[in-house]
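Remember, predicted model here, so these are calculated numbers, not experimental data.
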Amino acid sequence: MSLSDDMVDDLNGLLNTDEFAVEAIFNSVDTINVIFDNSSVPVLDVDTGGIIMAGPQATCKSSDVPDAKGKTLKIDTVIYYIKEAQDDGTGVTILRLSRD
């Protein structure tokens, strides 16, 4: 088995709803598994030296969220708007979310 295959297997394990993930509805159509973080904590912005707030985000398979920016992600009964999608090049994308 290749390293790439191992990484996909590991990702599938992390995104299992019996482990860390929850189900979400992407773009009102597709059910996907995500790791959801709804914290809002102050973070030091290294570029400006200021404080920024890190809001809700979801981590998921890149293949599950093509062209995600501007689309929606529904978790439980809350609809979030995808403000930014950061594909890390390993098959994982972090979605920066907003409620408005």
Side-chain angles (χ1 to χ4, degrees):
M1 186 176 270
S2 71
L3 176 59
S4 177
D5 292 335
D6 286 343
M7 290 174 64
V8 169
D9 285 345
D10 289 346
L11 184 56
N12 287 333
L14 288 172
L15 292 174
N16 181 328
T17 56
D18 291 333
E19 297 296 331
F20 304 105
V22 296
E23 283 190 348
I25 307 295
F26 174 66
N27 205 31
S28 302
V29 178
D30 299 316
T31 300
I32 64 171
N33 292 348
V34 302
I35 297 173
F36 180 62
D37 179 11
N38 195 21
S39 64
S40 292
V41 296
V43 177
L44 181 62
D45 183 351
V46 295
D47 293 330
T48 65
I51 302 291
I52 59 172
M53 295 300 287
Q57 67 182 25
T59 304
C60 57
K61 287 184 188 178
S62 300
S63 60
D64 286 345
V65 291
D67 302 317
K69 186 176 179 180
K71 295 182 179 170
T72 60
L73 191 70
K74 182 177 179 184
I75 300 172
D76 292 326
T77 60
V78 180
I79 296 174
Y80 294 93
Y81 298 92
I82 301 170
K83 298 296 184 183
E84 185 178 356
Q86 296 177 323
D87 184 340
D88 72 358
T90 67
V92 175
T93 293
I94 296 174
L95 305 173
R96 307 278 182 214
L97 307 172
S98 173
R99 290 182 79 170
D100 51 12

T93 to S62 - nearest heavy-atom pair and separation: OG1-OG, 2.6 Å

Answer yes or no: is there a donor N or O on one side and an acceptor on the other, between the side chain of N33 and the main chain of L15, under 3.5 Å? yes

Smallest separation among heavy atoms of D87 and G89, with atom names: OD1-N, 2.8 Å

Could you report the tightest heavy-atom contact between Q57 and F36, atom names first, then the distance? O-CD1, 3.5 Å

Exercise: identify the closest heavy-atom pair between A24 and L73: CB-CD1, 3.7 Å

Donor-acceptor list for residues 74-85 side chains, cut-off 3.5 Å, not counting sequence neighbours:
unit_1 : atom_1 : unit_2 : atom_2 : d
K83    : NZ     : D100   : O      : 3.2
E84    : OE2    : Q86    : NE2    : 3.0

Connected hydrophobic set around V29, excluding itself, where side chains approach under 4.5 Å: none

For L95, run the side-chain contact (heavy atoms from CB on, under 4.5 Å) check against V34, V65, T59 and tell me which one passes. V65

In terms of hydrophobic clusters joined by side-chain contacts under 4.5 Å, are L14 and V92 together? yes

Between D30 and D64, is any pair of side-chain heavy atoms under 4.5 Å apart? no

Nearest 0.5 Å, please: how far is CD1 in I25 from OG1 in T31? 3.5 Å

Test side-chain contact (heavy atoms from CB on, under 4.5 Å) on T17 and E23 and set out the steps. CA-CA 7 Å; T17 56; E23 283 190 348; 4.0 Å; yes

